[in-house]
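Heads up: the structure comes next, in structure tokens.
Scope of the values below: all heavy atoms of this structure, side chains included, with no hydrogens, waters or symmetry mates.
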Amino acid sequence: MSGVRVRFSPAPTGELHVGSARTALFNWLYARHHGGVFALRIEDTDRERSRTEWVEQIPGILQWLGLDIDEGPVLQSERFDEYRAAADGLVERGFAYECFCTPGELEAKHESAKKAGRTPGYDGTCRDLTEEERAAKAAEGRPRSIRFRTPDDGSSSFVDAIRGEVAVEWSTISDFVIVRSDGNPIFFLANAVDDLAMDITHVIRGEDLLDSTHRVLALRRALSERDEPIYAHLPLILAPDRSKLSKRHGAVALEDFRDAGYLPEAILNYLSLLGWGDDEGREVMTADEIVAAFDLDGVTHAAAAFDHKKLDWVNGEWMRRLTLDDVEVRALPYAQARYGAGIDRGVFKEALRIGQERAVTLVSLVEQMDFLFLADEKFTVDEDSWEKLAATERAGEVLDAVATHLADCEWTLEAVDLRPVLEPLGVKPRKALPAVYTAVEGRHAGLPLFDSIHLLGRDRSLARVHAARQRLGGEDTRWPCPSG
RNA sequence: GCCCCCAUCGUCCAGCGGCCUAGGACGCCGCCCUUUCAAGGCGGUAACGGGGAUUCGAAUUCCCCUGGGGGCACCA
């Protein structure tokens with residue numbers, strides 16, 4: 001035990017965003033690298049936005065990613081008494097005070113501050129009320145919240161493990177609410193209290209929380225004299241266009257990637273590459289390898305853009321690394337969701353065998369099997385592919401020859417090889433075969449043709465070729481009579 | 001508006017005063033391989049945002065500008 005204790009503390013307000021997942025990952029990597037503890041804490045102090053369904057989903061999706069949790073989850077919603085007691089103590093000792101301003105008044109203060117070119121914030125109206133004034137305001141039935149008193153001058157600073165010293169003038173930070181008028185605590189308070197209670201030694205989180213650190217630290221100092229944790233603020237993950245990564249950029253939640261057929265190993269691997277780099281330049285790495293190589297001094301400072309293309313490459317690398325049995329286990333749920341539970345497992349495994357090395361995701365791998373597992377009446381031919389077929393030189397003759405051959409050849413993989421069939425026609429396999437792919441598989445690019453035909457069976461294969469021949473029309477040759 | 005953080009190829013990551021005519025990876029382009037598409041092999045394209053300063057010497061240090069991001073809530 002190194003004494004390192006880190007926590008991942010998401011707010012349960014939706015599915016886990018990749019940015020949050022990356023934060024969780026870096027915390028986990030740090031804990032594992034240093035032999036420390038990785039705890040999960042749910043920051044659900046906002047009862048309006050937090051939902052229990054999200055709370056319940058978080059451990060599961062972290063487990064899917066491969067991050068095992070040592071402690072927790074600690075639910076802040078179950079610790080309101082602690083926060084309330086801490087707040088009361090702060091009021092007693094003069095670090096915080098009761099505020100009776102109404103939402104309308106506060107909004108007006110913000111507006112006027114903005115107009116005056118100052119940082120919008122609290123103006124200190126209730127800072128130094130006498131006991132009588134407080135009683136009077138309370139008697140009016142005004143809302144009562146608790147605010148933390150920030151210093152009027154001087155500056156706040158702390159040493160960030162990634163960025164070095166970060167300082168800011170206190171004059172830019174106004175008194176902030178730590179307990180809502182409904183009695184519920186605010187993030188800053190719960191955060192400070194719990195990091196103390198949980199003996200957190202390193203706070204690794206997104207850069208979006210950098211500015212709030214001054215407030216949390218001020219609170220912590222008012223609550224305890226114990227050593228402060230080391231803070232490390234991770235660069236943010238941006239969308240490909242460097243804007244905020246949101247749903248309009250496609251998949252953003254871990255669940256989205258899982259549903260899209262990405263492997264957890266690949267997601268973990270790719271996420272580790274955003275904001276960190278291996279000293280030896282390795283890119284495709286196992287979780288164990290990353291754990292061994294990871295440390296905070298290797299974390300970059302600049303925000304990184306999410307690159308779906310590179311993720312696809314990493315996922316492809318991982319797809320090829322899996323054993324066939326493993327691919328089967330992982331792809332089966334996707335196949336059953338698409339084709340029903342009754343698919344032929346033998347055919348499925350053969351299709352996986354020929355498809356594994358060319359698939360980007362589990363979903364794309366399964367989709368290549370539509371021609372095998374979709375009911376015949378649902379089989380469709382891709383329009384672009386059909387145009388290519390129609391434009392293929394001597395397409396009719398090729399299809400005729402193929403049909404003739406498949407009609408009475410031996411049904412082995414060797415015998416359904418169509419290259420010898422094409423030879424007498426004098427057409428190149430490269431030129432002519434895509435048309436046959438289209439006829440049989442519904443698209444000009446797909447699983448290897450001869451294996452596919454072999455798996456599909458004689459009747460279905462012939463039916464596909466015949467259908468294509470018919471649709472192609474034009475001057476018929478001698479089909480269906482045997483040729484040459 | 002104010003405050004904070006950041007700044008090397010399109011993207012991710014190397015580089016931490018001379019080894020840089022700036023390296024690797026993804027992408028992209030070309031060639032090879034090839035039953036399609038991939039995969040694989042080989043080659044190529046492409047960057048230190050601008051201006052000062054320090055220094056014999058700056059991608060590397062400092063300052064300014066510009067640009068990008070974040071924050072300024074009874075959200076976290």
Side-chain angles (χ1 to χ4, degrees), chain A residues 9-11 13 43-46 48-50 99 101 103 106-107 110 113-122 143 145-147 160 162-163 166-169 171-174 176-182 184-188 190-191 205-214 233 235-236 238 240 242-244 270 273-284 298 300-314 316-317 320 355-360 364 368 385 417-419 422 428-430 432-438 441 443-452:
Chain A
S9 49
T13 54
E43 305 215 325
D44 55 350
T45 51
D46 185 342
E48 299 282 309
R49 299 202 309 159
S50 299
C99 173
C101 294
L106 291 171
E107 200 179 327
H110 287 184
K114 263 187 179 173
K115 276 185 186 150
R118 286 178 287 113
T119 299
Y122 191 61
S145 61
I146 298 178
R147 276 181 194 278
D160 187 276
I162 293 169
R163 294 154 206 285
V166 179
V168 62
E169 296 296 317
S171 61
T172 65
I173 303 176
S174 67
F176 55 95
V177 172
I178 56 176
V179 177
R180 296 174 171 84
S181 52
D182 65 4
N184 295 332
I186 288 284
F187 155 74
F188 300 108
N191 198 273
R205 38 153 42 167
E207 195 195 336
D208 53 331
L209 294 169
L210 186 61
D211 291 291
S212 77
T213 304
H214 297 96
H233 288 92
L236 264 24
L238 271 27
R242 301 201 77 80
S243 66
K244 189 171 180 175
Y270 178 66
L273 262 22
L274 290 180
W276 176 81
D278 174 50
D279 286 339
E280 295 167 37
R282 293 174 294 175
E283 301 216 289
V284 181
T300 59
H301 297 188
F306 195 95
D307 184 350
H308 291 273
K309 287 262 183 62
K310 183 141 187 180
L311 201 215
D312 283 349
W313 171 74
V314 173
E317 289 287 320
R320 275 167 242 123
Q356 176 180 5
E357 72 171 16
R358 70 197 69 239
V360 172
S364 71
Q368 286 186 295
S385 295
D417 188 331
L418 299 173
R419 283 169 295 188
L422 262 26
K428 295 281 181 208
R430 246 189 114 64
L433 252 17
V436 186
Y437 273 87
T438 299
E441 302 188 38
R443 23 199 262 197
H444 69 278
L447 295 176
L449 185 61
F450 313 141
D451 300 79
S452 297

key: A/R430 side chain near B/U36 phosphate (N/O to OP1/OP2, under 4.0 Å)   = yes

key: Closest nucleotide among B/C3, B/C6, B/A76 to the A/A302 side chain   = B/C6

query = Is any N or O donor-acceptor pair between the side chain of A/T172 and the base of B/C2 shorter than 3.5 Å?
reply = no

ask   = If every non-hydrogen atom of A/E283 is compared with every non-hydrogen atom of A/L273, which pair is closest and at what distance?
value = O-CD2, 3.7 Å

inquiry  = Nearest to the A/L210 side chain among B/A76, B/C13, B/C4, which nucleotide is it?
reply    = B/C4

ask   = Looking across every strand, which nucleic acid part, if any, lies under 4.0 Å from A/T438 by heavy atom: base, sugar-phosphate, or nothing?
value = nothing

message = As a test of reading the structure: which of B/C12, B/A38, B/U35 is closest to the side chain of A/R242, going by heavy atoms?
response = B/C12

key: A/D279 CG - B/C16 P separation (whole Å)   = 12 Å

query = Can you find a donor-acceptor N/O pair under 3.5 angstrom joining the side chain of A/R419 to the base of B/U34?
reply = no

key: Candidates B/C74, B/G70, B/C5 - which lies nearest the side chain of A/R163   = B/C5

ask   = Would you say the base of B/C37 and the side-chain of A/R358 have a donor-acceptor pair closer than 3.5 Å?
value = yes

ask   = What nucleotide, of B/A76, B/A73, B/U35, holds the atom closest to the side chain of A/I186?
value = B/A76

query = What integer distance in Å separates A/F306:CZ from B/G27:C1'?
reply = 15 Å

message = Apply ring pair (Phe, Tyr, Trp, His ring centres under 6.0 Å) to residues A/F176 and A/Y122 and explain how you reach the verdict.
response = CA-CA 7 Å; A/F176 55 95; A/Y122 191 61; over 10 Å; no

task = Figure out the CD/P separation between A/E283 and B/A14, and round it to whole Å.
result = 11 Å

ask   = Nearest to the side chain of A/D307, which nucleotide is it out of B/C4, B/A76, B/C26?
value = B/C26

task = Among the candidates B/G69, B/A76, B/A7, find the nucleotide nearest to the side-chain atoms of A/H301.
result = B/A7

ask   = Considering only B/A76, B/U35, B/G24, which nucleotide approaches the side chain of A/K310 most closely?
value = B/G24

inquiry  = With nearest nucleotide decided by heavy atoms, which residue, A/V166 or A/V179, maps closer to the 5′ end of RNA chain B?
reply    = A/V166

inquiry  = What's A/P143 touching, base or sugar-phosphate or nothing? Going by heavy atoms closer than 4.0 Å.
reply    = base

ask   = Does A/R282 make a side-chain N or O approach to OP1 or OP2 of B/G24 shorter than 4.0 Å?
value = no

note = Heavy-atom closest pair (A/P235 atom, A/A302 atom, distance to 0.1 Å) is CB-O, 3.2 Å

ask   = Which is true for A/L209 with a 4.0 Å heavy-atom rule: it touches a base, it touches only sugar-phosphate, or it touches nothing?
value = base

request  = Looking at every strand, decide which applies to A/L449 at a 4.0 Å heavy-atom threshold: base, sugar-phosphate, or nothing.
outcome  = base

ask   = A/G275 near the nucleic acid: base, sugar-phosphate alone, or nothing, with a heavy-atom cut-off under 4.0 Å?
value = sugar-phosphate

ask   = Which part of the nucleic acid does A/L418 contact within heavy-atom distance under 4.0 Å: base, sugar-phosphate only, or nothing?
value = nothing

request  = Using the six-membered ring for Trp and the full ring for Phe, Tyr or His, decide whether A/W313 stacks on the six-membered base ring of B/C26 (centres under 5.5 Å, planes under 30°).
outcome  = no

ask   = Hey, does A/A445 reach any base, or is it just sugar-phosphate, or nothing, if we go heavy atoms under 4.0 Å?
value = base

Rounded interatomic separation in angstrom, taking CD from A/Q356 and P from B/G40 = 13 Å

inquiry  = Using a heavy-atom cut-off of 4.0 Å across all strands, would you classify A/E317 as base, sugar-phosphate, or nothing?
reply    = sugar-phosphate

ask   = Whole Å only: how far is the CD atom of A/Q368 from the P atom of B/U36?
value = 14 Å

query = So which nucleotide from B/C4, B/C75, B/U35 ends up closest to the side chain of A/D211?
reply = B/C4

Main-chain N/O of A/T13 paired with A/R49 side-chain donor or acceptor, under 3.5 Å = no

ask   = Could you state the CD-P distance from A/E357 to B/U36, rounded to the nearest angstrom?
value = 13 Å

ask   = Under the ring-ring contact (aromatic ring centres under 6.0 Å, His included) test, which residues partner A/F187, sequence neighbours left out?
value = none

query = How close or far is atom P of B/C29 from atom NZ of A/K309, stated in whole angstroms?
reply = 9 Å

task = Identify whether any heavy atom of A/G446 sits under 4.0 Å from a base atom; if not, whether one sits that close to sugar-phosphate; answer base, sugar-phosphate or nothing.
result = base

A/R419/A/F450 under side chain to side chain contact (heavy atoms under 4.5 Å, CB included): CA gap, chis, key distance, verdict = CA-CA 10 Å; A/R419 283 169 295 188; A/F450 313 141; 3.9 Å; yes

query = Quick one: does A/D208 reach the base of B/G71 with a side-chain donor-acceptor pair under 3.5 Å?
reply = no

request  = Starting from P on B/C72, measure out to CZ on A/R147 and report it in whole angstrom.
outcome  = 14 Å

ask   = For the side chain of A/R49, counting heavy atoms from C-beta on, which of B/C75, B/A76, B/C6 is nearest?
value = B/C75

key: Pairwise 5' ranking along RNA chain B for A/D44 and A/E441, keeping only the more 5' one   = A/E441

